[in-house]
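This report refers to the structure that appears directly beneath it.
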Amino acid sequence: MRTHNCGTIRTEQIGETITLCGWVDRRRDLGGVIFLHLRDRSGSVQVVSDPIRTPDSYHLAETLRSEYVVKITGKVYRRPEESLNLRIPTGEIEVYAEQIEVLNRVHKQLPFQVSQSEDESSVREDLRLKYRYLDLRRERMSANLQLRHQVIKTIRRFLEDKFNFIEIETPILTRSTPEGARDFILPSRVNLGEWFALPQSPQLFKQLLMVSGFDRYYQIARCFRDEDLRADRQPEFTQLDMEMSFMSQEEIMNLNEELICQIFKEIKSVEISLPFPRLTYAEAMDSYGCDKPDTRFDLKLVNVSDLFKDSQFKVFSGAIAAGGIVKILPIPGGNQTVSNVRIKPGGNLFKEAAEAGAKGLAYIRVLDDNEIETIGAIKDSLTPESKQQLLTLTGAKPGDLLLFGAGDAAMVNKTLDRLRLVLGRELGLIDDNQVNLLWVTDFPMFEWNADEKRLEALHHPFTAPHPDDINDLTTARAQAYDIIYNGTEVGGGSVRIHQREIQEQVFTAIGLSAEEANDKFGFLLEAFDYGTPPHGGIAYGIDRLIMLLAGEDSIRDVIAFPKTQQARCLLTNAPASVDAKQLKDLEVVSTYKPKAD
RNA sequence: GGGACUGUAGCUCAGUUGGUUAGAGCGCGCGCCUGUCACGCGCGAGGUCGCGGGUUCGAGUCCCGUCAGUCCCGCCA
């Protein structure tokens, strides 16, 4: 039907007669000459019609409206010198419309303008989602989905051509996994009373593929978790899932660094130097208070517990006595940039701290001549020596502000991490153009779940412990690694357990009885008996990665048909009720009672 | 499960301490206009103010409830 795509026409096509198909992006009828912008997913191009040069098309051109689907045949001309538009890629040429064929019309008023003006005001997202097929015609969304395709294409080429990976599909209908997120479950008609679950990840299948000898596997895998939604969380999402046999943690990380480099090179034309910086989990928590630090800016936390363990100031010494810590977030120049109002109750920084669980937000302002300004109780508790030590430890200079966190370590870290990010953003310390990638390694195997009074796998229970820590699993480090891009976790993986005894010990550690372990993971344990190679892998949140590459704030903007925060599809109105017969066939009865009016 | 914000014309928004007939820009329709590119100019149509209830002489505005959307907390191995 067509010979070219609209957005690709350049001066090279001048003189050619071409046929284009697409949508009328805009029509400008000047009375005697009509300009159209014809759009397809490649972009748009200007089409001209007037009664003298293109008499056959002129009258039809007058009837065209926005979003009509048309086929246009005509010759490509260079635009007159005074009409060049160098702001668009096709701005040096235009097409004289010798023939126009209307392939389809718009019969109703559009719910919103598809064509975007430069100072585009944003259309409500619920409307965009209801008419997603129109929203996706728009340049921004179209570009995002095309970027998504480019990223996935780059991944496929790299893994397949350079490292001999093969893609294998794993089941969508599988069994419910006990740990982790809530599963989506589906009744089985053939096996009445029994239920499938949608996979939260292909984890177990990819490990079994290693047992099968597919030593380099990957999959662009859809995953499902029935949890509440966020800007960066959807109930179904896409993972780049990889697993490799006969590779050490170091080798896996190296390969993945190359992969990420390739993506940034192809997509952003950015060369990233190798290797990526690495932080251990302990270092990350110590210096940044979180396991996915944004290291684009240099603010670091300082642990001052030793200095205050015998302090007269009971808030600090008491916290330490109770097994907690005292840490400081130093803000260079903070005396100028951060007012007391914001730190004190009612201020936004205080609120931020309180939301993280802090009882208060102590601070010290460093003045000239090593004088300090703070509340009396802290000032009185500091000897000249301890004051000097404090300044030395934190590297504080006159004009700097020191913000304190005191209490149990988790809360202190959470508090100061939040303050660090808020202030980093507000004080303009973050260069948005910077690409900052790093690994966080050596995560602990387990963390204590106080509610259930048991250890929980921090990563997942198939993660191998560090060989040096094998004698006490409860405090062991894991051979796990996360990849952090500008403060967001975009991928995480581990070397896996490939020996039955160790897997059984880990199940025991997280409180699974031998019976439960056998019931739920017996097939994996048994597979380990039949010659399982050492293996490991990683999974990337593809939606998140692409969101960041696209500069978007929500993964909905890089997913063609996302759900709303209430987990609904506004386009299809899913989820919806089903026929009584469908339920009867499944022997399923809903006990749900809608709230009475 | 909890907190915050939003909902007025097809779209994006304004709407004062509650007070006459609810406005603007864009879009849409009609007319004029031969080099525009967010074309311009003129005329016009278009509103259950999310929905329900309450207070009031009077509610877009105040109160209660409810629905929808967004952000966050919990949750997300």
Side-chain angles (χ1 to χ4, degrees), chain A residues 25-37 44-54 58 65-67 77 79-88 90-91 94 106 108-131 134 177-183 200-201 203-204 223-235 237 351-352 354-357 414 418 443 445-447 449 451-452 454-463 478 480 489 492 494 506 510 512 539 541 553-554 556 563-566 568 570 595-597:
Chain A
D25 191 63
R26 244 166 228 275
R27 183 182 59 114
R28 289 181 292 277
D29 184 345
L30 273 62
V33 59
I34 295 169
F35 295 102
L36 302 170
H37 269 180
S44 65
V45 66
Q46 176 160 283
V47 174
V48 192
S49 181
D50 71 46
I52 294 162
R53 290 175 292 191
T54 60
Y58 181 69
R65 296 294 181 270
S66 293
E67 301 309 311
Y77 287 86
R79 292 195 188 187
E81 207 57 35
E82 64 280 9
S83 296
L84 296 176
N85 183 350
L86 299 179
R87 290 176 301 149
I88 59 173
T90 56
E94 59 193 359
V106 172
K108 293 169 72 175
Q109 176 149 17
L110 294 162
F112 51 81
Q113 282 167 251
V114 173
S115 174
Q116 305 272 279
S117 56
E118 280 155 30
D119 67 337
E120 143 202 6
S121 52
S122 52
V123 177
R124 285 181 71 91
E125 194 174 2
D126 47 355
L127 199 66
R128 289 171 50 207
L129 291 176
K130 181 172 178 189
Y131 298 96
L134 294 180
T177 51
E179 287 231 12
R182 199 176 285 116
D183 284 318
Q200 296 182 26
S201 93
Q203 180 63 33
L204 294 172
C223 304
F224 305 87
R225 291 178 191 176
D226 189 8
E227 296 291 347
D228 286 354
L229 290 81
R230 287 281 197 287
D232 61 353
R233 279 193 233 156
Q234 285 273 305
F237 60 98
K351 277 184 195 158
E352 203 68 46
E355 257 184 63
K414 192 173 172 188
R418 284 177 77 142
F443 285 79
M445 284 286 286
F446 306 110
E447 106 192 308
N449 182 325
D451 292 336
E452 296 180 21
R454 65 179 186 94
L455 289 177
E456 237 174 21
L458 194 75
H459 202 69
H460 57 55
F462 315 107
T463 300
E489 180 201 329
S494 62
V506 168
I510 60 173
L512 273 185
D553 293 324
S554 164
R556 292 188 302 274
K563 310 281 187 290
T564 68
Q565 196 170 43
Q566 293 306 308
R568 303 199 68 91
L570 296 182
K595 272 185 272 179
D597 293 333

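All values derive from a computational prediction rather than experimental measurement. So you know, we letter chains A, B, ... as the sequences are listed, proteins then strands, and number each from 1.
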Please determine, for the side chain of [X], which listed nucleotide ([options]) has the closest atom?
| X | options | value |
| --- | --- | --- |
| K414(A) | C37(B), G74(B), C39(B) | G74(B) |
| R124(A) | C76(B), G69(B), U12(B) | U12(B) |
| E355(A) | U70(B), C72(B), C30(B) | C72(B) |
| Q203(A) | G69(B), U34(B), A77(B) | A77(B) |
| P51(A) | G69(B), U34(B), U36(B) | U34(B) |

Report the base-pairing partner of [N] (Watson-Crick or G-U wobble, both distances below 3.5 angstrom), or none.
| N | answer |
| --- | --- |
| A24(B) | U12(B) |
| C5(B) | G69(B) |
| G40(B) | C32(B) |

Send over the distance from [X] [atom1] to [N] [atom2], rounded to a whole Å.
| X | N | atom1 | atom2 | value |
| --- | --- | --- | --- | --- |
| L84(A) | U36(B) | CG | P | 12 Å |
| E227(A) | A77(B) | CD | C1' | 11 Å |
| N449(A) | A77(B) | CG | P | 12 Å |
| L127(A) | U12(B) | CG | P | 6 Å |
| Y131(A) | G27(B) | OH | P | 20 Å |
| E94(A) | G35(B) | CD | P | 13 Å |
| D29(A) | C30(B) | CG | P | 11 Å |
| D126(A) | A68(B) | CG | P | 12 Å |

Would you mind classifying the nucleic acid contact of [X] as base, sugar-phosphate or nothing, using non-hydrogen atoms under 4.0 angstrom?
| X | result |
| --- | --- |
| Q565(A) | base |
| L110(A) | sugar-phosphate |
| S83(A) | base |

Does [X] put a side-chain nitrogen or oxygen below 4.0 Å from OP1 or OP2 of [N]?
| X | N | result |
| --- | --- | --- |
| R230(A) | C73(B) | yes |
| R28(A) | C33(B) | no |
| R79(A) | U36(B) | no |
| R128(A) | U12(B) | no |
| R225(A) | A77(B) | yes |
| R556(A) | C71(B) | yes |
| K351(A) | A4(B) | no |

Residue whose nearest RNA chain B nucleotide is more 5′ - L570(A) or H460(A) |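 It is L570(A) whose nearest nucleotide is closer to the 5' end.
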
Earlier contact from the 5' end, RNA chain B, for P80(A) and K563(A) =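 Of the two residues, P80(A) wins.
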
According to the 5.5 Å centroid and 30° plane-angle thresholds, does F112(A) stack upon the nucleobase of C11(B)?
-> no

[Y] backbone acceptor or donor facing [X] side chain under 3.5 Å:
| X | Y | result |
| --- | --- | --- |
| Q234(A) | R556(A) | no |
| R79(A) | E94(A) | no |
| E67(A) | V114(A) | no |
| T463(A) | M445(A) | no |

Check if the side chain of D228(A) and the base of G74(B) share a donor-acceptor pair of N or O atoms closer than 3.5 Å.
->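 Result: at least one qualifying N/O pair found.
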
Give a yes or no on whether a salt bridge exists between R233(A) and E227(A), defined as a side-chain N under 4.0 angstrom from a carboxylate O.
-> no

Whether F112(A) and Y131(A) hold their rings parallel, tilted or perpendicular, with breakpoints at 30° and 60° | perpendicular

Among all residues two or more places apart in sequence or in another chain, which pass the salt bridge (Lys or Arg N to Asp or Glu O under 4.0 Å) test with E355(A)?
->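 With sequence neighbours excluded, E355(A) shows a salt bridge (Lys or Arg N to Asp or Glu O under 4.0 Å) to R418(A), given in chain and number order.
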
